[in-house]
2 protein chains.
Amino acid sequence: MNVQFTDKIECIFKHTLALIKENGFHGTPMSMIAKSSDVAIGTIYHYFPSKENLILELFTYCKKKINSYIFDAIDPELPYQKQFAMVLERFCKFQVDNTDIFSFLEQFHNSPFNELAHDKQKVGGCDENNVINFLLKGMETNSLRKIDVHVMASAFIGSAVTFSKSVLYGKVPLDRRHLEELVEIIWNGVKQ
Amino acid sequence: MNVQFTDKIECIFKHTLALIKENGFHGTPMSMIAKSSDVAIGTIYHYFPSKENLILELFTYCKKKINSYIFDAIDPELPYQKQFAMVLERFCKFQVDNTDIFSFLEQFHNSPFNELAHDKQKVGGCDENNVINFLLKGMETNSLRKIDVHVMASAFIGSAVTFSKSVLYGKVPLDRRHLEELVEIIWNGVKQ
DNA sequence: ATCTGTAAATTGAACGTTCATTCGGTTGCA
DNA sequence: TGCAACCGAATGAACGTTCAATTTACAGAT
């Protein structure tokens, strides 16, 4: 029973992501989500009190996905430089392989929704905090230069996000060579 | 006459930017733009055939502003490293000093509008192309490593955008020290 | 096994609001 | 006198949300 519950919500999530990628937040009415998910509008309102709430829940759903994809794969026993490359690469790879989520998160972060989610971000670990902690660990172990961690995180995350967009716009292929070029730029900039 | 024409349109642009920053694209109805700009709705439709067109025109307006702010100030006789630091710093400074435009551009780039504007970007020089050309110049003069220019541009632009957001969210102050840290990271990563 | 009562899940037509756009009319200037 | 700028009430379509009705799930009684 609990399984079906989750299944239906995940089904709604996935179709909503696809529609929002294609049409944007406000080009995606609830009626369209319902039809695409093959449920009635009322069913969506059974699970979510409003469209706004649906989008906020979808946001935390996406955050969890990307976080676990990136960080579950990182073995803390590996040399830090190796971990560093892996985090950056998996960050990019996730975005490129999950364009629905990537597009949704970018829209979300640059919309008025973003403010509504800031409370939640401080509770549930958002990927940015994970990155911050990961970089702090690198500073403590003398792998990284000791500069303002938010500046470093900007270079780290910002590069990866923009690189992923370049891949999606067809400017750059997502192959080993280009990933390594990106990693090298950032690593050279921040290594101790 | 041409002056007044421009004045009124610029007035509409500026109020639209402020409203969109506060409420987002779709939280900003034409009626609100009209009231805030102190003109009638009909007047806006006298100058712009639709809301979509208004936003597209606003986009090219913003692009011109940021481009001229950054690149008009760059003296090509200066040492390349100096130019490099200036471009990056002015990029960030513009975003932080013009949060309306920054917010609008970010929303725009991550919305379905973005596709509609791609034709225009190829005609009018968009800031990304300017950055690309600037980086290519650095490679030709052996100041920068010769790697894929789009990868380098991702690191360059992405860092600056995310850094600016960190400043706006209050995580980092926009002072000389933090700007220099950012410039150093990127410069170390891309210099020859 | 079959029946029954209840609560949860599901449905979609209907409602009320909001919003982009229209258009017939007015003003001001050349 | 004519034309461009300007006005804003009216229009009609789209959308988020509601809710009364229907179906499904299933525990306990027979």
Side-chain angles (χ1 to χ4, degrees), chain A residues 1-59 61 104 107-108 111-117, chain B residues 1-59 61 104 107-108 111-117:
Chain A
M1 178 169 65
N2 206 347
V3 174
Q4 270 203 339
F5 178 83
T6 301
D7 276 357
K8 180 146 290 189
I9 285 182
E10 191 147 17
C11 169
I12 292 170
F13 278 165
K14 284 181 175 165
H15 284 95
T16 306
L17 284 174
L19 291 169
I20 286 179
K21 179 194 168 187
E22 209 58 42
N23 314 303
F25 281 150
H26 300 274
T28 306
M30 293 295 261
S31 58
M32 198 187 278
I33 296 173
K35 185 172 282 182
S36 171
S37 309
D38 209 28
V39 297
I41 287 186
T43 305
I44 299 180
Y45 279 91
H46 178 70
Y47 291 107
F48 305 98
S50 67
K51 186 180 181 185
E52 175 175 308
N53 180 270
L54 165 60
I55 286 177
L56 289 173
E57 293 296 329
L58 186 50
F59 175 69
Y61 168 82
F104 171 78
Q107 285 190 58
F108 187 96
S111 76
F113 280 117
N114 194 38
E115 286 188 23
L116 301 178
Chain B
M1 177 168 72
N2 206 346
V3 175
Q4 268 204 341
F5 180 83
T6 301
D7 275 359
K8 181 146 288 185
I9 286 183
E10 192 147 19
C11 169
I12 293 170
F13 278 166
K14 284 182 174 164
H15 284 95
T16 306
L17 284 173
L19 292 169
I20 285 179
K21 179 194 169 187
E22 209 60 41
N23 314 305
F25 280 149
H26 299 272
T28 306
M30 293 294 262
S31 57
M32 199 186 279
I33 296 173
K35 186 172 283 183
S36 171
S37 309
D38 208 30
V39 297
I41 288 186
T43 304
I44 298 180
Y45 279 91
H46 178 70
Y47 291 108
F48 305 98
S50 67
K51 187 181 182 184
E52 177 176 308
N53 180 270
L54 165 61
I55 287 177
L56 288 174
E57 293 296 330
L58 186 50
F59 175 69
Y61 168 82
F104 170 78
Q107 285 189 58
F108 188 96
S111 75
F113 279 117
N114 194 37
E115 287 188 23
L116 300 178

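For the numbers below, each heavy atom of this structure counts, side chains included, while hydrogens, waters and symmetry mates do not. Numbered from 1 within each chain, the chains take letters A, B, ... in sequence-line order. Given the structure is predicted, the values throughout are model-derived calculations rather than measurements.
Using a 4.5 Å heavy-atom threshold, the side chains of A:Phe48 and A:Ile55 count as separate.
Between the side chain of B:Gln107 and the main chain of B:Ile20, a donor-acceptor pair closer than 3.5 Å is present. A donor-acceptor pair is defined here as one N or O able to donate and one able to accept, closer than 3.5 Å; such a pair exists between the side chain of B:Thr28 and the backbone of B:Gly24. Panel note: side chain B:Ser111, backbone B:Phe113; a donor-acceptor pair is recorded below 3.5 Å.
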5' to 3', nucleotides 11-25 of chain C under a 4.0 Å protein heavy-atom cut-off (B base, S sugar-phosphate only, - none) gives BB------SSBB---
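Taking the six-membered ring for Trp and thresholds of 30 and 60 degrees, A:Phe108 and A:Phe25 have ring planes more than 60 degrees apart, a perpendicular arrangement.
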